[in-house]
Amino acid sequence: MSFYETFKKLKNISIEDIFPTVTSEEIKKVLQKNKLNEFDFLVLLSPAAVPYLDIMAQKAHENTFQHFNKKIIQPMDTTEYKDLVAGGVDGVTVYQEVYDEEMYKKVHVRGPKRNYQYRINTPERACKAGMAKVNMGVLLGLADWRKEACYLAMHVKYLQEKYYTTQIGLFFPRIKPHLGDFKPVVDVTDRHLIQMMLAMRLFLPECNMNLSTRESPTLRDELLSYGVTNMSAASCTAVGGYTSQNQKYTANHQFDISDVRSVDEIVTIIKQKGYQPV
């Protein structure tokens, strides 16, 4: 059995019908818990939870400190991942891009990425191959962010329970302007992103959470205290952009970077907030 089988069951649940029924009392009860179940996670994703973001942020901060102290994309077959592990590779990052199967078909009209089931089972193949770290994420802006967050969280929980020796990490990339000039289908605001990340931290306390330079310096600095454990710096999104011989191609980047601060500047910010950069 793979996560795709679990996902087919999740699709039959009207997740969007649950959100309007959530009450303030339910949110308060969830925020009193030390360990959340799947329904608790949906409660924290609901619109009714927005007024409680400050409380969620405080709990997320405490949660992150407890588990991490203050320390801060091509699919392959399992055998191919095993070859990488044997060669010394210890981690892989793969974005599902979008869990909504119909939207997936619209953005992948041809080529190897067209196979939705192969794509959704990629993280599990990496786990089976013995990867020490597997990072996952969705491209926020392609479909309803609350439903996508739900599917992503259930996917992570499935892998954590089945492959407990693999460290699972999360990325939260929002669609930004890039070469193809693709516009987001759904608007995912800063507040939406914050709510999703806080809910993820409280539901998945042992999961690494990564924040890229797609986001603004102000937002990245704020989220540092809310559960982020990994931050990129001095990123280049051009293909081959990290090699000196390809520096002339860096103008052809895949998406816009919002935080252009250097590694040293990011390290300074992390230290100023009382964290230890590693």
Side-chain angles (χ1 to χ4, degrees), residues 3-4 6-22 26-27 30-31 33 35-53 56-57 59-60 63-64 93-104 107 119-120 123 134-161 168-176 184-212 214-215 219 223 226-230:
F3 177 73
Y4 184 69
T6 302
F7 174 71
K8 287 193 294 186
K9 296 178 182 178
L10 287 172
K11 288 201 301 181
N12 293 326
I13 302 174
S14 298
I15 297 172
E16 62 273 18
D17 293 335
I18 297 175
F19 294 131
T21 67
V22 176
E26 286 178 308
I27 296 169
V30 169
L31 291 174
K33 293 184 175 182
K35 186 176 181 179
L36 308 187
N37 59 35
E38 288 82 354
F39 181 77
D40 296 332
F41 176 66
L42 291 179
V43 166
L44 295 184
L45 280 181
S46 70
V50 172
Y52 297 88
L53 290 185
M56 289 171 62
K59 286 186 68 68
N63 191 304
T64 306
T93 297
V94 59
Y95 294 161
Q96 174 59 26
E97 296 184 358
V98 62
Y99 281 93
D100 184 304
E101 205 160 354
E102 294 307 310
M103 177 55 70
Y104 188 92
V107 295
R119 182 76 174 191
I120 202 172
V134 173
N135 295 312
M136 304 164 58
V138 292
L139 290 178
L140 298 169
L142 287 177
D144 184 308
W145 69 269
R146 286 188 168 93
K147 292 183 68 173
E148 291 290 296
C150 176
Y151 296 143
L152 176 60
M154 297 307 117
H155 199 169
V156 170
K157 188 172 180 63
Y158 164 87
L159 293 174
Q160 284 182 329
E161 293 177 349
I168 307 297
L170 284 171
F171 277 85
F172 304 90
R174 287 190 287 181
I175 294 178
K176 298 286 185 178
V185 178
V186 177
D187 184 32
V188 182
T189 67
D190 286 358
R191 204 161 183 80
H192 293 157
L193 180 64
I194 290 172
Q195 182 178 1
M196 181 177 66
M197 292 183 68
L198 292 178
M200 287 284 193
R201 168 52 68 220
L202 297 177
F203 180 58
L204 301 166
E206 298 181 3
C207 193
N208 272 319
M209 289 172 53
N210 307 268
L211 198 61
S212 76
R214 291 171 182 248
E215 305 301 339
L219 183 61
L223 287 170
Y226 291 172
V228 171
T229 55
N230 296 75

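Put simply, the side chain of L140 reaches to within 4.5 Å of the side chain of M196, judged on heavy atoms. Residues E101 and I120 have side chains not in contact (no heavy-atom distance under 4.5 Å, counting atoms from C-beta outward). Looking at heavy atoms from C-beta onward, Q160 lies in side-chain contact with C207 at the 4.5 angstrom threshold. Contact annotation: the side chain of F41 never approaches that of L204 to less than 4.5 Å [non-hydrogen atoms, C-beta and beyond]. Within the 4.5 Å cutoff, side-chain heavy atoms of L211 are placed close to those of M197. Within the 4.5 Å cutoff, the side chain of F171 has heavy atoms near those of the N210 side chain. Looking at heavy atoms from C-beta onward, F203 lies in side-chain contact with M154 at the 4.5 angstrom threshold. Within the 4.5 Å cutoff, side-chain heavy atoms of V156 are placed close to those of M136.
The minimum heavy-atom distance linking V138 with E148 is given by the pair CG1-OE1, 3.9 Å. Nearest heavy-atom pair across I175 and G141 is CD1-C, 4.0 Å. Taking both residues in full, the closest heavy atoms of P123 and H155 are given as CG-CE1, 4.2 Å, listed atom of the first, atom of the second, then distance. Of all the heavy atoms in A49 and L44, the pair that sits closest is CB-O, 3.5 Å. In terms of heavy-atom proximity, R174 sits nearest to V188 at NH1-O, 2.8 Å. Taking both residues in full, the closest heavy atoms of P47 and P51 are given as O-CD, 4.1 Å, listed atom of the first, atom of the second, then distance.
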| said: Evaluate R191 against L53 for side-chain contact (heavy atoms from CB on, under 4.5 Å), listing each step before the verdict. | reply: CA-CA 9 Å; R191 204 161 183 80; L53 290 185; 3.9 Å; yes
| task | Step by step, work out the side-chain contact (heavy atoms from CB on, under 4.5 Å) result for D144 and V186. | result | CA-CA 7 Å; D144 184 308; V186 177; 5.6 Å; no
| message | Run the side-chain contact (heavy atoms from CB on, under 4.5 Å) test on Q96 and Y104 for me, step by step, so that the C-alpha distance in whole Å, both residues' side-chain angles and the decisive distance to 0.1 Å come before the verdict. | response | CA-CA 9 Å; Q96 174 59 26; Y104 188 92; 4.0 Å; yes
| request: Walk me through it: do D100 and Y151 pass the test side-chain contact (heavy atoms from CB on, under 4.5 Å)? | output: CA-CA 9 Å; D100 184 304; Y151 296 143; over 6 Å; no
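Remark: the backbone N or O of L139 is not paired with any side-chain donor or acceptor of E97 at under 3.5 angstrom. Of the possible polar contacts, one joining the R119 side chain to the Y95 backbone as a donor-acceptor pair under 3.5 Å is found. A side-chain donor-acceptor contact under 3.5 Å links K59 to the backbone of L31.
A distance of 15.0 Å separates OH of Y52 from CG of L198, quoted to the nearest 0.5 Å. Between the CG atom of N63 and the CD atom of E206 there is a distance of 9.0 Å, given to the nearest 0.5 Å. Taking CD from E26 and CG from L42, the interatomic distance works out to 11.0 Å, rounded to the nearest 0.5 Å. A distance of 11.5 Å separates OH in Y158 from CD1 in I168, rounded to the nearest 0.5 Å. Taken from NZ in K157 to CZ in F3, the straight-line distance is 12.5 Å, to the nearest 0.5 Å. Considering CD1 of I27 and CE of M56, their distance stands at 8.5 Å, rounded to 0.5 Å.
Using a cut-off of 4.0 Å between Lys/Arg side-chain N and Asp/Glu carboxylate O, E16 and R146 are scored as not salt-bridged.
A tilted orientation is assigned to the rings of F7 and Y99, their planes being inclined by 30° to 60°.
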